[in-house]
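A short write-up of the structure that comes next.
What you see is a predicted model; the values in this text were computed from it and never measured.
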Amino acid sequence: MEPVPNFSLHRPATLEEANNLMRRNPEARLVAGGTDLIVNIRRGIVDTDCLIDLNDVAEMNGLGFDKKSGALHIGAAVTLAELSGDDTVIKNFPAVAAAAGAVAGPTHRQMGTVGGNLCLDTRCIYYNQSEWWRSSNDYCLKYRGDVCHVAPKSSRCFAAFSGDLAPALLVYGATAQLAGPGGEREIPLTELYQDDGADHLTLEECEVLVSITVPAAEGVVSDYVKMRVRGSIDFPLAGTAIALKRDGDKISRFTIAFTGTNSYPVLIEGVDVLIGKPLDDKALDALAAYLPKQIRPMKSTFTGQSYRRRVAINLAKRLAQRLFEAAA
Ligand SMILES: Cc1cc2nc3c(=O)[nH]c(=O)nc-3n(C[C@H](O)[C@H](O)[C@H](O)COP(=O)(O)OP(=O)(O)OC[C@H]3O[C@@H](n4cnc5c(N)ncnc54)[C@H](O)[C@@H]3O)c2cc1C
Ligand code: SF4
C-alpha cells in the first residue's frame with residue numbers, strides 16, 4: 001500500500017494567478033492530468049505538500065487553427081484525447097494526432113495533457129520503483145543516492161525521456177510558449193530539453209509551459225509509430241515520427257525525431273543530405289547507418305540497449321518508406 005500523502009491544492013484560473021502561486025510556493029509542483037505525477041508522489045519519488053492544478057488556467061486551454069497562417073495552437077492543458085480526436089489535427093498534422101493517441105491507455109488520455117506529456121519526467125528501471133525498493137538499493141544518482149546503477153562510472157543520469165508527443169511536434173518545427181517571473185517567451189521546442197536524465201527540462205524556476213504552436217506544413221505527410229511491450233498501455237521502448245514531402249521521385253523535405261532512446265526527445269540533425277534524392281534502398285541504408293550517431297539508448301529499461309537501437313532504426317526505415325510511397 002502506497003498512500004497519497006497530505007497536500008494542499010490550488011486551482012488558479014489565470015496564468016497570472018498560477019505564476020503568483022508558484023512564486024509564493026517555490027516547493028509546489030504543477031499538476032495537470034496527474035497520470036504521472038500522482039504515481040510518482042505515491043511512490044515517494046516526488047516529495048511535495050503543495051500542488052498547483054493547471055487545468056482551469058484559461059490561457060492553457062484551447063485548441064485551434066490560425067485561419068491566416070494555418071498554424072495549429074495547442075494549449076498545455078488540452079487533453080491527449082481531445083488532440084488525438086480532433087478531425088482537423090488528424091487531417092493536417094497526422095503524426096501529432098497519432099502520437100497523442102498512442103500515449104498509455106484510453107483512460108490516461110482522457111486525463112493526460114499536452115503539457116504533462118511534454119514535461120514528463122524521464123524514466124529508468126532503477127528509479128520508477130517503490131520507496132522500499134529504491135531504499136534497499138541505496139537509491140541512485142538521480143535521487144538521494146551517489147551512484148548510477150545503469151552506468152556506475154558516470155557522473156550523470158541516463159534515464160530516458162519516454163513521452164510520445166514530443167517527436168511528432170519536433171518534426172514540424174513546433175515552438176513552445178513559456179511564462180514565468182521573467183515574463184513570457186517563445187522558444188523552439190527542441191530548446192525545452194537538454195541531455196541530462198536528472199534535469200532534462202530547461203524551464204527556469206517558476207516557469208510554466210503555456211502552449212505549443214505548430215507551423216502550417218502544406219503537402220507534408222507524417223506519422224508516428226512506437227514499439228512497446230504491451231500494445232494497449234505501455235511507454236515506448238522506442239518511438240519515431242517523420243514528416244516528409246515528396247517532389248516527383250525525390251524528397252523535398254525530411255525531418256525525423258525519436259523518443260524512448262535518450263534523455264531528451266531527439267530531432268535528428270544532418271538528414272537534409274536526403275533532400276533532392278529518391279528514398280531508395282541506398283538512402284534507407286544510409287539513414288540506418290547514420291542514426292546510431294545520435295540515438296543512444298542506455299540500459300535504463302528491462303530491454304537491452306542494442307535491441308532498442310535496432311528497434312528504433314527499423315521503425316524509422318519502415319515508416320520512411322511507407323510515407324514516401326504514400327506521398328506519390
Ligand atoms: C500505466 C501508465 C502507462 C503510461 N504510458 C505512457 C505512454 O505510453 N506514453 C507516454 O508518453 N506516457 C505514458 N504514461 C505517462 C503519462 O500518463 C502521460 O505522459 C501523460 O500525458 C502525462 O500527462 P499529465 O497531464 O497526466 O501529466 P502530470 O502527471 O500532471 O504531470 C507530469 C509532469 O509534467 C509537469 N507539468 C504538467 N503540466 C505542465 C506545464 N504546463 N508546464 C510545466 N510542467 C508541467 C508536472 O509538474 C509533472 O512533473 C503512462 C502512465 C501510466 C501510469
Ligand atoms: S540512469 Fe542511473 S542515475 Fe539515472 S535514474 Fe537510472 S540509475 Fe538513477
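Taken to the nearest 0.5 Å, the CG atom of Leu15 stands 9.0 Å off from the OG atom of Ser211. Taking CG of Leu244 as the reference point, atom CG of Leu323 lies at 6.0 Å (rounded to 0.5 Å). Taken from SG in Cys148 to CZ in Phe158, the straight-line distance is 6.5 Å, to the nearest 0.5 Å. Thr113 contributes atom OG1, which lies 8.0 Å from atom CG of Leu54 (distance to the nearest 0.5 angstrom). Rounded to the nearest 0.5 Å, atoms CG (Asn92) and CG (Asp86) are 9.5 Å apart. The OG atom of Ser252 lies 12.0 Å from the CG atom of Leu274; values are rounded to the nearest 0.5 Å.
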Starting from the C-alpha separation in whole Å, work towards a yes-or-no answer on salt bridge (Lys or Arg N to Asp or Glu O under 4.0 Å) for Glu207 and Arg185.
CA-CA 10 Å; Glu207 200 170 40; Arg185 63 185 179 120; 2.8 Å; yes

What verdict does the side chain to side chain contact (heavy atoms under 4.5 Å, CB included) test give for Arg246 and Phe324, after you've listed the backbone C-alpha separation in whole Å, the side-chain angles of each residue and the deciding distance to 0.1 Å?
CA-CA 7 Å; Arg246 181 173 172 158; Phe324 189 65; 3.4 Å; yes

Side chain to side chain contact (heavy atoms under 4.5 Å, CB included) for Asp138 and Val147? Distances and angles first, verdict last.
CA-CA 9 Å; Asp138 286 338; Val147 71; over 6 Å; no

Hey, mind stepping through Val208 and Leu178 against side chain to side chain contact (heavy atoms under 4.5 Å, CB included) and telling me if it holds?
CA-CA 6 Å; Val208 63; Leu178 313 175; over 6 Å; no

Could you walk me through whether Ile38 and Leu51 satisfy the side chain to side chain contact (heavy atoms under 4.5 Å, CB included) test, starting with their C-alpha distance in whole Å, then the side-chain angles of each, then the deciding distance to 0.1 Å, before giving a yes or no?
CA-CA 10 Å; Ile38 301 297; Leu51 294 181; 4.2 Å; yes

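Asn25 places no side-chain N or O within 3.5 Å of a backbone atom of Ala28 that could act as its donor or acceptor partner. Judged by distance alone, with hydrogens and angles left aside, the side-chain atoms of Arg228 form a donor-acceptor pair with the main-chain N or O of Ala102 at under 3.5 Å. Between the side chain of Asn137 and the backbone N or O of Trp133, no donor-acceptor pair lies under 3.5 Å. Judged by distance alone, with hydrogens and angles left aside, the side-chain atoms of Thr261 form no donor-acceptor pair with the main-chain N or O of Arg296 at under 3.5 Å. A distance-only check finds no donor-acceptor pair linking the side chain of Thr79 to the backbone of Met111 [under 3.5 Å]. Here the side chain of Gln177 pairs no donor or acceptor atom with the backbone of Leu209 at under 3.5 angstrom. Using modelled atom types, no side-chain atom of Thr303 and backbone atom of Arg308 make a donor-acceptor pair closer than 3.5 Å. A side-chain donor-acceptor contact under 3.5 Å links Gln129 to the backbone of Ile125. Judged by distance alone, with hydrogens and angles left aside, the side-chain atoms of Asp53 form no donor-acceptor pair with the main-chain N or O of His10 at under 3.5 Å. Distance alone, capped at 3.5 Å, is enough to place a donor-acceptor pair between the Asp196 side chain and the Ala198 backbone.
Taking the charged nitrogens against the carboxylate oxygens, Arg109 and Glu82 have no contact shorter than 4.0 Å, which rules out a salt bridge. Asp223 has a carboxylate O that lies under 4.0 Å from a charged side-chain N of Arg322, or vice versa, which qualifies the two as a salt bridge. In this structure, Asp234 does not pair ionically with Lys226, as no charged nitrogen and carboxylate oxygen lie closer than 4.0 Å. Checked for salt-bridge contact, Arg253 and Asp247 miss the test: no charged N lies under 4.0 Å from a carboxylate O.
Linking ILVMFWY residues whenever their side-chain heavy atoms come closer than 4.5 Å, directly or via other members, places Val220 and Val271 in the same cluster. Leu21 and Val210 fall within the same hydrophobic cluster, where Ile, Leu, Val, Met, Phe, Trp and Tyr residues are linked whenever their side-chain heavy atoms come under 4.5 Å apart, directly or through other members. Leu9 and Val4 fall within a single hydrophobic cluster, where Ile, Leu, Val, Met, Phe, Trp and Tyr are joined by side-chain heavy atoms under 4.5 Å apart, directly or via other members. Residues Val311 and Tyr290 share a hydrophobic cluster, clusters being chains of Ile/Leu/Val/Met/Phe/Trp/Tyr side chains in contact below 4.5 Å. Cluster annotation: Ile187 is connected to Leu165 through the hydrophobic network of ILVMFWY side chains, with a link wherever side-chain heavy atoms come within less than 4.5 Å.
Between Gly105 and Ile233, the shortest heavy-atom distance links the atoms N-CG1, 4.0 Å. Between Ile74 and Val114, the shortest heavy-atom distance links the atoms CG2-CG2, 3.8 Å. Here the closest heavy-atom approach between residue Ser84 and residue Gly101 is recorded as CB-N, 3.5 Å. The shortest non-hydrogen separation linking Pro94 to Tyr172 is CD-OH, 3.7 Å. Taking every heavy atom of both residues into account, Cys157 and Leu141 meet most closely at N-CD2, 4.4 Å. Residue Pro236 comes nearest to Thr259 through the heavy atom pair CG-CG2, 3.9 Å, listed as atom of the first residue, atom of the second, then distance.
Between Ser300 and Arg123, every side-chain heavy-atom pair lies at or beyond the 4.5 Å cut-off. Contact of the Leu170 side chain with the Thr190 side chain is registered, since non-hydrogen atoms from C-beta on lie closer than 4.5 Å. Looking at heavy atoms from C-beta onward, Leu203 lies in side-chain contact with Leu192 at the 4.5 angstrom threshold. Between Thr240 and Tyr224 the shortest side-chain heavy-atom distance does not fall below 4.5 Å. Side-chain atoms of Glu59 and Thr14, non-hydrogen and from C-beta on, do get closer than 4.5 Å to each other. For the pair Leu237 and Val229, the minimum side-chain heavy-atom distance is below 4.5 Å. Looking at Val103 and Asn117, their side chains come closer than 4.5 Å, going by heavy atoms from C-beta outward. Proximity of Ile212 to Leu189: side-chain heavy atoms (C-beta onward) are separated by under 4.5 Å at one or more points.
Residue-environment remark: CG (Asp285) exceeds the threshold of 12 foreign heavy atoms within 6.0 Å. Within 6.0 Å of atom CZ in Arg23, more than 12 heavy atoms from other residues, nucleotides or ligands are found, so the atom counts as buried in its surroundings. Summarising the local packing, CD of Glu16 is surrounded by 12 or fewer heavy atoms from other residues, nucleotides or ligands at distances under 6.0 Å.
Side chain to side chain, Tyr193 and Thr202 fail the donor-acceptor criterion of an N or O pair below 3.5 Å. Between the side chains of Arg43 and Asn40, no donor N or O sits under 3.5 Å from an acceptor N or O. Judged purely by distance below 3.5 Å, without hydrogens or angles, the side chains of Ser263 and Arg156 pair a donor atom with an acceptor atom. When only modelled atom types and interatomic distance are considered, Lys142 and Thr122 share a side-chain donor-acceptor pair under 3.5 Å. A donor and an acceptor atom, one from each side chain of Tyr139 and Glu131, are located under 3.5 Å apart.
Tested against Val46, the residues Ile41, Asp36, Val39 include a single side-chain contact (heavy atoms from CB on, under 4.5 Å) partner, Ile41. When the options Val96, Leu267, Thr213 are evaluated for a side-chain contact (heavy atoms from CB on, under 4.5 Å) with Leu169, the one that passes is Val96.
When the ring pair (Phe, Tyr, Trp, His ring centres under 6.0 Å) test is applied to His200, the partners found at least two apart in sequence or on another chain are Phe161.
Pairs of residues two or more places apart, or lying in two chains, never qualify as salt bridge (charged side-chain N to carboxylate O under 4.0 Å, His left out) while including a residue from residues 258-281.
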